[in-house]
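I'd like to ask you about the structure that follows.
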2 protein chains.
Amino acid sequence: MTRPPPSDAGMELDGFFPYRLALLADAVSRSMAQIYAERFDLSRDEWRVLAALAGTSPARTAMVIERTTLDKVSVSRALARMESKGLVTRDTDPQDSRGRLIRLLPAGRALFRKIVPMVRSREAFLLEGLEPAERAALDAAIDKLLQRSRQLARQG
Amino acid sequence: MTRPPPSDAGMELDGFFPYRLALLADAVSRSMAQIYAERFDLSRDEWRVLAALAGTSPARTAMVIERTTLDKVSVSRALARMESKGLVTRDTDPQDSRGRLIRLLPAGRALFRKIVPMVRSREAFLLEGLEPAERAALDAAIDKLLQRSRQLARQG
DNA sequence: TATTGTTATACTCTATAACTATA
DNA sequence: TATAGTTATAGAGTATAACAATA
């Protein structure tokens, strides 16, 4: 029987899952931001909102919030910037005039169409490095870990 | 044969690997920060520096930088805060008086010993949800993806 | 009273460059 | 001239609360 190492033996960050995950997410995020941010001057939030709208436009702001997992302040600011860039319009929702209907303009859709193949190709490059079984396991693992980490975060 | 979906069909963020990874990393990071930040008032950088020093103290600042993958500015600031909290000392390195030797004080080590089992236990809770094969695949996948994403980020 | 979205505020992080002192 | 580490600065992102308009 081997004993667990004493808790003050030094905690190898390299072997600590949350640390490894943070490094990976940061590197992946940077490699994607090179496309939407550096080449097309979109913030991460603007990019997410654009992707959400490309699927359903017009959309109520609440739907954008739900589909991007951003909060209402971030979405409101991202949309304001996108409106000023001529990517979307924001009209009052006739069904509930507290809300707004966000419409992707042709310039917004065109921008989206330019970006998608580039980020998809980067995504493909990343995942090509994995065996099919590894990739399936990764996918399943992400879902399970997400659930569990949210459970931890909720219970404090 | 099925065709790939047209690139403007809407890009389901939920199925986009970088997005899923970002959500996961954020949730995991928050669940860990609840320990070191909320309960023990350490920033993420301070926590990383503490972990690095617990393994090797005294250490030259350059070594801390290397072991935490933080930049020298972040490390310098984290160490300044840690010194003011009485967790470390920073003496001039007698071998090269441009550099400093960072020494973990008893209070720093005691703090580290309190935190480690708590974050380890959260890490274990997260990973318990995975099959052993899934976990091995996840581990391998993280390494491969990290390499590839850094390659992308480097080439721009 | 509650909800939608906007604005305000303060705070933290990040990136970069400039600087001091040593080598 | 180069390196170790610090300080300065500006910009971006984050969290929270307060607010106006509407339901």
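From a predicted model like this one, the values you see are computed outputs, not experimental measurements. Reminder, nothing fancy here: chain letters follow the sequence lines and each chain counts from 1.
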| query | Hey, does the side chain of R30(A) come within less than 4.0 Å of dA15(C)'s phosphate (OP1/OP2), counting only N and O? | reply |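 Checking dA15(C) against R30(A), a side-chain N or O does come within under 4.0 Å of OP1 or OP2.
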
query = Counting side-chain heavy atoms from C-beta on, which of dT7(D), dT22(D), dT6(C) comes nearest to S76(B)?
reply =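 Closest of the options to the side chain of S76(B): dT7(D).
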
May I have the distance from D26(B) (atom CG) to dT14(D) (atom P), rounded to whole angstrom?
->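 For the pair D26(B) CG and dT14(D) P, the rounded distance is 8 Å.
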
Requested in this report: Round to the nearest Å and state the distance from R100(B) atom CZ to dT7(D) atom P.
Outcome: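 These atoms are roughly 8 Å apart.
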
ask   = Once you round it to whole Å, what is the distance between C1' of dA2(D) and NZ of K72(B)?
value =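 Atom-to-atom, K72(B) to dA2(D), this comes out as 11 Å.
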
Check: Within the pair R90(A) and dT6(C), is there a side-chain N or O less than 4.0 Å away from OP1 or OP2?
Finding: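 R90(A) to dT6(C) OP1/OP2: side-chain N or O found under 4.0 Å.
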
With no hydrogens and no angle check, do the side chains of S29(A) and D26(A) hold a donor and an acceptor under 3.5 Å apart?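 No, no side-chain donor-acceptor contact under 3.5 Å.
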
- [ ] Between S43(A) and D93(A), name the one whose nearest nucleotide on DNA chain D is closer to the 5' end.
- [x]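 Its nearest nucleotide lies further toward 5', so the answer is S43(A).
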
Quickly work out the L101(B) CG to dG5(D) P distance and round it to whole Å.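 For the pair L101(B) CG and dG5(D) P, the rounded distance is 9 Å.
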
Categorize D45(B) for me: base, sugar-phosphate, or nothing, with a 4.0 angstrom heavy-atom threshold over every strand shown.
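Here D45(B) touches no strand at all.
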
Q. Of the nucleotides dT14(D), dA17(D), dT14(C), which has the atom closest to the V73(A) side chain?
A.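 The listed nucleotide nearest to V73(A)'s side chain is dA17(D).
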
Verify side chain to side chain contact (heavy atoms under 4.5 Å, CB included) between L145(B) and L138(A), making sure each step is shown before the conclusion.
CA-CA 11 Å; L145(B) 289 167; L138(A) 174 64; 3.7 Å; yes

*Is it true that the side chains of R122(B) and S149(A) contain a donor and an acceptor less than 3.5 Å apart?*
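No donor-acceptor contact under 3.5 Å links the two side chains.
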
Residue R98(B), side-chain atoms from C-beta onward, closest of dT22(D), dA21(C), dT6(D) =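 Comparing dT22(D), dA21(C), dT6(D) against the side chain of R98(B), the answer is dA21(C).
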
Original post:
Rounded to the Å, how far apart are E66(B) CD and dG5(D) C1'?
Top reply: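 Value for this atom pair: 16 Å.
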
Q) How are the rings of W47(A) and Y36(A) set to each other: parallel, tilted or perpendicular (split at 30° and 60°)? A)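 W47(A) vs Y36(A) ring planes: parallel.
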
Review point. Tell me: OH of Y36(B) to C1' of dT12(C), nearest whole Å?
Key: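 One finds 13 Å between C1' of dT12(C) and OH of Y36(B), rounded.
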
(Q) Please check if the number of heavy atoms outside Q155(B) that lie under 6.0 Å from its CD is greater than 12. (A)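 Yes, enclosed.
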
Spacing of D71(A) atom CG relative to dT16(D) atom P, expressed in whole Å: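 Nearest whole value for this atom pair: 10 Å.
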
Please report, rounded to the nearest Å, how far the P atom of dT4(C) is from the CD1 atom of I102(A).
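Computing the I102(A):CD1 to dT4(C):P distance gives 14 Å.
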
| Do any side-chain nitrogens or oxygens of S97(A) fall under 4.0 Å of OP1 or OP2 in dT4(C)? |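 So the side chain of S97(A) is outside the cut-off, no N or O lying under 4.0 Å from OP1 or OP2 of dT4(C).
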
Worksheet item: Looking at the side chain of A62(A), which of dG5(C), dA17(D), dA23(C) is the nearest nucleotide?
Response: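 For the A62(A) side chain, the nearest candidate turns out to be dG5(C).
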
### Message
Can you tell me which nucleotide in dA23(D), dG5(C), dG5(D) comes closest to the side chain of T61(B)?
### Response
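The answer is dG5(D), which lies nearest to the side chain.
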
